[in-house]
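Structure first, then comments.
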Amino acid sequence: MSKLTIVIVAIVALLVGGFAGYYVERSRAINTLEQTKMAMQKEIDSAKMMLENNPSPTGAMAVEEVMMSKSGVVTDAKGMTLYTYDKDTTSQSTCYSTCAKNWPPYLVSGTAPSTMPAHLGTTKRTDGTVEYTWNNHPLYYYIGDKKAGDTTGDGVGGVWHVAK
């Protein structure tokens, strides 16, 4: 065999090996993409099934933001207790300045849902923010509550009450 033939055979072998490696890597990438696609479809199917089995015709966004605990206490989605203030005799808040520092209003994040459960509503505060209401009473957090489930604000001053 001549030197030229050996060189040509070596070049052909390198090219064939290079193309084979390319196709192996390409096949692995396609396989990974297919597995990712299947996993994503599984998540989508799971979410669809959850929505079909738990419809929320009264406003899914509001239900996610305001919840009722097993004990009947109204909480936010993180389980933080919400309160009402006796001095709020209408849906308009009377808690501003120092009051609002100790009893932060429970504000709507983003746009208020167009439909909500029967007891849930909103009211516009004097600063233009929108606050959730429960049975037409503005809702507040209590600065003394440190974790979900705390109800340390219940009965404070005889005018603050856990929303139920």
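These figures come from a predicted structure and were not determined experimentally.
In this structure, M80 is not a member of the same hydrophobic cluster as V162, with clusters built from ILVMFWY side-chain heavy atoms closer than 4.5 Å. Note on V73 and W134: separate hydrophobic clusters, where clusters join Ile, Leu, Val, Met, Phe, Trp and Tyr whose side-chain heavy atoms are under 4.5 Å apart, directly or indirectly. Under the 4.5 Å side-chain heavy-atom criterion for ILVMFWY residues, no single connected hydrophobic cluster contains both V108 and Y140. Cluster membership for V156 and Y141, using ILVMFWY side-chain heavy atoms within less than 4.5 angstrom, is not shared.
Note on ring orientation: taking the six-membered ring where Trp is involved, the planes of W103 and W160 are parallel (angle under 30°, cut-offs 30° and 60°).
The backbone N or O of K78 lies less than 3.5 Å from a partner atom in the side chain of D76, making a donor-acceptor pair. The closest donor-acceptor contact from the side chain of Y83 to the backbone of G153 lies under 3.5 Å.
Of the inter-residue distances, the one linking T75 atom OG1 with L139 atom CG reads 10.5 Å to the nearest 0.5 angstrom. Here the CG atom belonging to D86 is positioned 8.5 Å from the NE2 atom belonging to H137, to the nearest 0.5 angstrom. Rounding to the nearest 0.5 angstrom, the gap separating the NZ atom in K124 from the CD atom in E131 is 13.5 Å. Atom OG1 of residue T84 and atom CG of residue D154 lie 9.0 Å apart, to the nearest 0.5 angstrom. Note that NZ of K101 and OH of Y96 are 15.0 Å apart. Values are rounded to the nearest 0.5 Å. For the atom pair L82 CG and Y132 OH, the distance stands at 10.5 Å (nearest 0.5 Å).
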Quiz item: Between Y142 and T81, is a side chain to side chain contact (heavy atoms under 4.5 Å, CB included) present by the stated rule, with each step listed?
Solution: CA-CA 8 Å; Y142 178 50; T81 302; over 6 Å; no
Practice problem: Apply the test side chain to side chain contact (heavy atoms under 4.5 Å, CB included) to residues L107 and R125: give CA-CA distance (whole Å), side-chain angles for both, the deciding distance (0.1 Å), then the verdict. | Solution: CA-CA 9 Å; L107 301 176; R125 294 177 57 81; 3.7 Å; yes
Quiz item: When you look at Y85 and S93, which way does the side chain to side chain donor-acceptor pair (under 3.5 Å) test go after all the steps?
Solution: CA-CA 9 Å; Y85 185 38; S93 175; over 6 Å; no
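Residue pairs that meet the disulfide (SG to SG under 2.5 Å) test with at least one member in residues 95-164, sequence neighbours left out, are C95-C99.
Nearest heavy-atom pair, N135 versus H119, reported as atom, atom and distance to 0.1 Å: OD1-ND1, 2.6 Å.
Side chains of D127 and T129: a donor-acceptor N/O pair is present below 3.5 angstrom, by distance only.
The one candidate from T133, T94, T123 that meets the side-chain hydrogen bond (donor to acceptor under 3.5 Å, both in side chains) condition with D88 is T94.
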